[in-house]
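Have a look at the structure below, then the notes.
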Amino acid sequence: MALLEIEGLTKQFGGLLALGGVDFHIEEGEIVSVIGPNGAGKTTFFNTISGMFPPDEGEILFDGRDVAGLTPDQITKRGIARTFQNVRLFPNMTVLENIMVAQHSRTHKGVFSALFQTPGFRKEEQEIRDRARDVLGFFGTRLIGYRFDQPAFMLSYANRRRLEIARAMGTQPRLLLLDEPTAGMNPRETAELTGLIRKLRDERGFTIVVIEHEMKVVRDVSDRVVVLDHGVQIAEGSYDEVSTNEDVIEAYLGRPAESH
Amino acid sequence: MATRTTSSPRLRLNQDVSTLAVDVFLFAMKVALIFFSAWAVVGTIALQVNGSGLTAVAWRDLIVGGLAQGFMYGLIALGYSMVYGVLGFINFAHGEVFMAGAMAAYFVADALFDAGLWESAFVVAVLIVLLSAVLVSTVVAVLVERIAYRRLRGAPRLIPLITSIGMSFFLQYAVKGLFGGSFKTFPQLPEGLQDRVGIFGLEIEGIKLLVIATAIVSMFGLWLFVERSRTGRAIRAVAEDKEIAGLMGIDVNRTIVMTFAVGGAMAGVGGMLWAMLFRKVFFLTGFLPGIKAFTAAVLGGIGNLGGAMLGGVTLGLVEASGPNMLGGLSWEIPTWLAYVGAVLAAATAYWGIQRLRSGDARKAGSSLGMVVMGVVGVFLGIFVLPGFSATIPGASQLKDMIAFVVLIGVLMVRPVGLLGERLAVEERA
Amino acid sequence: MIELAATSEIDTRKVLRLGAIAGITAVFVAAIGMVEVFDTRSVIDPVLSLGYLSLAWIPLLFGYRVTYEPVLEGMEPPRKGPHNLIGGAAAGLVGGAVLGAFLLVIDVIDIREILLNVTPELVGILGFDQSAAVGATILMALGAGLGAIGGMFHVLSDRWRRAVSSAFVWVLIIGFIELVLGNVFDGLAVGFLDDLVYSENRGVTIGAAVVIAVVVIFMHFQFTGRASRVRERFQALPENKRRSTGFMVATALMAVGLLAPSVFGPFLNEVLATVGLFMLMGLGLNVVVGFAGLLDLGYVAFFAVGAYTTAVFTSPLTPGDFSPELAFFSALPFVIIMAAIAGIIVGTPVIRMRGDYLAIVTLAFGEIARLVFQADWLKGTFGGAQGILRIGEGMIVTLFGYVLAGVGIVVGIIGFLRWRSARADDDASSAKTAGVWIGLGTVATVAGLLFPDFASWTVTGIDSEAVFRLVLIFVALAAFVSWRLQDSRIGRAWMAMREDEQVAETMGINVVTAKLLAFIIGAILAALGGALFAVKIGTIFPSSFKIVQSIIILVVVIVGGMGSLRGVAVGALVLIGVLGGPTQPGMLREFQEFKLLIYGVLLVYMMLQRPEGLAPSARRSQELHGDELKQDVWLGKDQEGED
Ligand SMILES: Nc1ncnc2c1ncn2[C@@H]1O[C@H](COP(=O)(O)OP(=O)(O)O)[C@@H](O)[C@H]1O
Ligand SMILES: [Mg+2]
């Protein structure tokens, strides 16, 4: 059974049809890239899955259960986490706190245990902290040590992108949605992150959907590629199949070159 | 396509309990609001039909009073609406801009009265008063922008809001410190304006007519300005998208100042009319009308100039007739109507159950709300409401409350307002 | 030559502009009557009255500003020199000229019809009781002199600048707190010190002023750096040591606070009780605004709910039939319940609204609450405009019984929570210890409830000493609650929500519960404040619950520093203690008329210049100004890792 199965996903903004009946599925352990020209509806696709806007129509089955229309926190609780194209960290919280707060839906202690600092509370806090350190350790030396207590706004651009991924990992999801994780990175950083995306799946067992503009990254990480244009899927298959597909080439070249 | 292995169980709420509880509670609040409004309106009409309502003359006076008040709210609301449309924050100090206009009107009118011009050349005097009020309000509005808001461009919207609250306080107590805290009494109007004049076969107090006419003319002027003039077009462009407007060569700063100036001028007109109509001005005169005008702006759809007008007039009418409408609650609900209500409630509950069965999380909250309120409605309709009535003594004291309830109600039920809001695009991914 | 070089660095337009603004500010201060009202109060005995002080700061400040240039990184530091003094003097001169012109005008024309505070007395004060022309000249000279002193601050080295400004500030502070020190001296039976430091006119004597200034400057050079070293050492302590030290400091402060009223006079205790009330409510509002980022402008509604609940439950004169006449402490559980309900009623409709609409809607709720309590409609319950009298008279603080029961309940809860977590871990010995806790807690609770009157203590609202102690205990409780919540799962969730609500939701935070919880906790703290307020004054009227109240609490939180517990304490002490609450006087009773004006100015000033507040939490100060130094250290360390 597919981990995520989407049928007829539709989302309209006023008169604009951002998603026009998208069907999509991803198996556990797969890495699927979603590509398409700017404004194709890729980010909107993530937004509807993660519950930021409920879809107008369509079914989103995650692990066999319909999650369409749930609030974002409930969707996260069920195991879907995402990053944002325009990095949206909690800038004034420390690096560690950014990950700690992401574990909210996996932890339980409430007001009373916090007031009385019960042993259970302390234990949970310790676990939250340990898990946050573990997650940050995934990025090598980039985000550890003195960086733990640095506010997120002080990080370099590339580190902010890494922290976003770490924060998504902190919610302990099964499915990770990465929105242009390499945007704005230099070639070295991009190459490094490409390796990390594979490692996320191989070592940590996440299933991953990644929106990407960088074709090299798409080629290196994806088991399968889905192409969106004007809110509809125009192609699907392996990287080689898709990159030679006439419709795809036209979608990309049929309009003036866009910078991204 | 893989086949679905789990079919969703029937009646699965598929939502957090807390979220559901809040949804249901909100739904109940809305229903209660609508129910009481409907009861008040229907009750008022029924009492009117029974012959125990107000006389036609009393109604006419209420409505004309409400219209006059409403147009003044509209004039103030324009400033809130324009600033919100362009800068995206609530200029809490706008009520004080209005108050400054009213104060200026008082001082100039008083001086003219002392000089004997008030009676001898009333029209000229009123024009001078109007001009001074407009001038003072405009200057105050622009100064406030310059001193307090300019440095906060791009700050999170609560920051300028808090600043404007501080400004509002400062202006109130500065006026109190400079001019004293007592009521200022505006000079008596000439005989002609206090009398009722006949228009369209109605007898209306001249002053109210003057207020309404002046307001309409000012609004028409504003409309022409915004739609036709270069500056007006610039304002609209900046409201649409500051960055793009800047790229197209519009001086954004100047345009923002113009927005404050125009909003201030309208508030000045409002202030002058207020002073003339109620003949009492003091340093807190701006507070309640300010909040009510903001309510009007939201009611009409913030950022929407036509909406500000419509919102103002609507609020004025609701407020004027509101206390009387509360009297409508004293109408005994007939048994048949209560039973009809119970049946409708039962149908609603049934419908809610049907919606719940669809298992659609998007509707879970409102569906459950329908069921709960439906059941409550059936109970009330059968056991409580038949022959039920409520008297609210001193309903006129609740006049101000009506405006606040309207504000809360609008934001709960239809936050974009009657005509829809028009706001600058926010940067999106 | 020097002259020329100096003048070339002075921006004439800036001098004129700032000078004019200074002059207009001075005219404004004079015209609202501040100068005249303050003139009766002396600060440094014959030379400086509060009235002149309210003018003197203006040329000082603008004289400093006029040649102020920010230190920019990578640029040469701004040059110091005579131009600083000359620029300052010039700006001061312009300011003095504007005020002088005003003096000349009001000397000739009587404008009291319009500006009713422009009295002949004001003319006298501004003109130093000379003719207007002479007065104007003196004003200009003084303006220039003070402006030059302001400019001089640029020329001084950093250490001297700090030392001199501290000396200034301390002389003024000692001048202001004559009331406190006088009372304390009397309380400690060292009244002769009072006569040494202060003159009959309640100002510091010149001699004392000089001594204070010298001592402060001396101390400054002696101890500079020491405070920061202590702080560094404290920061370097391990987490648990730091906590226990902090806790000890807090306990010591609490002990001092509990003892202090004995040496203060009744007026001061009254002021401090008001400060405590506002601290309590400030802590509550801080949870809502500072932690969760929800701008609640109708906070006074919860305060009113607390006061009215207490009134209805304790007063023998309730307007309605419902009159349980409970003791104050027995009414508190109902206060808490009603507050929580009110929190839910106000919180629910605003949950999905954007931040600024939330602010206005809560404001509307605040007004609605007052109108409801005031209306004839519910007069039978709340007494309408006549309010409710005789609230919690002779409230009995059943010190031992209820405290024992309270401790018992807390111990029981802790035991239960421990038992639960021990059970989850299958830890038999911990479970046994937890069982003992539960047992002890139960015994204590039962014993306490059986003998509630044991060692009891009767307090009346007019006993300001006891009221102050009572308020202090509540403040300590509120501070404890805020402190524990801040660094917890729910505290972090609030912080994330404040940063970016949408993202917080996407990261798994249920914003509905998080917001409601903030509202409920805030409401309960405000209601406790209301309950204390009601018993303190014994009579409540709807007019005590106006929106100003909300705004003043907001000013306390913002001036202190949103999200900072220390900030709330500082804000309440400085603002409420010195200026006073909405109706209650502070230490400087002269400010009574002007405090709302000053609160407004402070709100604007803080938002523009110091949004992080006077005593920000460590985090906030970093977030709003960035800690550039540390950043450099970090960047230096990370040279190889960063791209
Ligand atoms: N919140 C929104 N409101 C209105 N229009 C939106 C919104 N979000 C996206 N859109 C529109 O939907 C279309 C698809 O956008 P998006 O999903 O961001 O594209 P992509 O990520 O593929 O570049 C665009 O035309 C965009 O303008
Ligand atoms: Mg995108």
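To find a chain, count down the sequence lines: A is the first, B the second, and so on, and within it residues start at 1. Being a predicted model, the structure only gives us computed values, none of them experimental.
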(request) Look at B:Leu161, B:Ile392, B:Val405, B:Leu152 and state which one has the largest set of heavy-atom pairs under 4.5 Å with chain C. (result) B:Ile392

(message) Rounded at 0.5 Å granularity, tell me how far CE in C:Met606 sits from OG1 in B:Thr163.
(response) 11.5 Å

(request) Quick one: pull up CD1 in B:Ile165 and CG in C:Leu554 and give me the separation to the nearest 0.5 Å. (result) 6.0 Å

(request) Identify whether the distance between the nearest side-chain nitrogen and carboxylate oxygen of B:Lys184 and C:Glu113 falls below 4.0 Å. (result) no

With a 4.5 angstrom heavy-atom cut-off, could you sort out which part of [X] is near chain B: side chain, backbone, both or neither?
X: C:Val350; answer: neither
X: C:Ile345; answer: both
X: C:Ala359; answer: side chain
X: C:Arg354; answer: side chain
X: C:Leu363; answer: side chain

(request) Go through C:Trp377, C:Phe28, C:Tyr599 and name the one with the most non-hydrogen pairs under 4.5 angstrom from chain B. (result) C:Trp377

(message) Evaluate C:Leu596 against B:Phe170 for side chain to side chain contact (heavy atoms under 4.5 Å, CB included), listing each step before the verdict.
(response) CA-CA 7 Å; C:Leu596 292 170; B:Phe170 170 74; over 6 Å; no

(message) Are more than 12 heavy atoms, taken from residues, nucleotides or ligands other than B:Phe36, located less than 6.0 Å from that residue's CZ atom?
(response) no

(request) Determine whether more than 12 heavy atoms belonging to other residues, nucleotides or ligands lie under 6.0 Å from atom NZ of B:Lys30. (result) yes

(request) Answer yes or no: is there a donor N or O on one side and an acceptor on the other, between the side chain of C:Asp356 and the main chain of B:Arg157, under 3.5 Å? (result) no

(message) Between B:Gln397 and C:Asp376 (side chain of the first, backbone of the second, donor and acceptor by atom type, cut-off under 3.5 Å), is there such a pair?
(response) yes

(request) Please look at B:Met412 and chain C and tell me whether the side chain, the backbone, both or neither of the residue comes under 4.5 angstrom of a heavy atom of that chain. (result) both

(message) Using the side chain to side chain contact (heavy atoms under 4.5 Å, CB included) definition, which of the options B:Asp23, B:Val22, B:Leu20 pairs with C:Val512?
(response) B:Val22

